[in-house]
Asker: 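I have a structure I would like to understand better, so I am pasting it below and will then ask my questions one at a time.
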Amino acid sequence: MLQQNVVMGSSPTPKDDPASSVADIRRDPALGTVVHVVRHRQGRPNQPTDVVNDDCPFCPGGLEAPDPYDVRWFVNRWPAMADDRCEVVLYSPLHDASMATLGAPAIARVIDLWAERTATLGARPDVDYVLVFENRGASVGATIAHPHGQIYAYDHVPDRPARLFAGSWKPDTDPARLVVGTDDWTVTVPFASEFPVAVSIAPRRCTADLPSLDATRRASLSEVLAEVFGRLDALYGEPIPYMMWINQRPFDGTTGDAWMSIDIVSPWRRAGLARFIAAAEVGAGEYFNPVVPEEIAARLRALADDQSV
Ligand SMILES: [Zn+2]
């Protein structure tokens, strides 16, 4: 259920206090679309791509990471929602690292931190859904290059995960769209992918969330993620911009048989060339994908090498 300060199609009372302005959440009265009006985020800094590491707020010694660390989380200084619902997760102290280069042991530390923050935020009585996500690359909105992701803790279950779990989502089993299969995990290209490049990573055994994964499956997931991100960066011969998010069970008491998964998508239909979400897609709410999911699955499958899991 949306929080009480959602405004239904009328003008909100103007507020000067940034802490209250972050709570300006509106729902379109006809479509039901939820829009968070976050004027204060216009002021957040954009780090130039050629910034020297000394100026990076996420490098050890920087503004957000004064002490040495392997992985680190902190409350977002530029939150999209009030009440400490927005966190930043630093994957590595290495400014130029990425999921594709970190290696499985380092990724395992990120997974442990994602799981810990999911459990901690999900236990809050005012949190119904925890979204772990990452934007990598300026073209998908990343404002700082240092490897990091974010976490949003909602006081309601957003529409997309609500529909996903209400639809009893489970992993695709068609070998035509399989990229990687291990004892514990499957990596597939979604049947109706909205984006030119898309993979879905899911446990073979129904599991609701990251905190429910034991050490063995967290370790195997770290190997799968290292493999998948390596193949995604190899696909076009250069680092690919992507959006990643983790679908996990709601924390509103309606867990049911939710099956967790990790989605990674990229707008690139070839190296350096993005397929934009354009007027017909925004206007109609239907997508036109020029890349055949089975063909991108075959290309990603063919990128297996000696390092593959
Ligand atoms: Zn840095």
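The shown structure was predicted, so the numbers you read here are calculated from the model rather than taken from an experiment. Numbering of ligands and ligand atoms starts at 1, following listing order.
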Asker: Only to 10 degrees, please: what angle do the SG atom of Cys59 and the SG atom of Cys56 make about the Zn ion (ligand 1)?
Answerer: 120°
Asker: Considering just N/O/S atoms, say which atom of His146 is closest to the Zn ion (ligand 1).
Answerer: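 Output for this pair reads ND1.
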Asker: Side chains of Gln248 and Tyr129: do they bring a donor and an acceptor to under 3.5 Å?
Answerer: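 Judged by distance alone, the side chains do not pair up.
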Asker: Could you verify whether a donor N or O on one side chain and an acceptor N or O on the other, from Glu87 and Tyr152, lie under 3.5 Å apart?
Answerer: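 Glu87 vs Tyr152: no donor-acceptor pair found between side chains.
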Asker: So, Arg218 and Glu223, do they make that salt bridge, N to O below 4.0 Å?
Answerer: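 Salt bridge flag = no for Glu223 with Arg218.
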Asker: Looking at His95, pick out the N, O or S atom nearest to the Zn ion (ligand 1) and give its name.
Answerer: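 Per the distance ranking, His95 contributes ND1 as its closest N/O/S atom to the Zn ion (ligand 1).
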Asker: Do side-chain atoms of Glu295 reach the backbone of Val292 as a donor and acceptor pair under 3.5 angstrom?
Answerer: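 Side chain of Glu295 to backbone of Val292: no pair is present.
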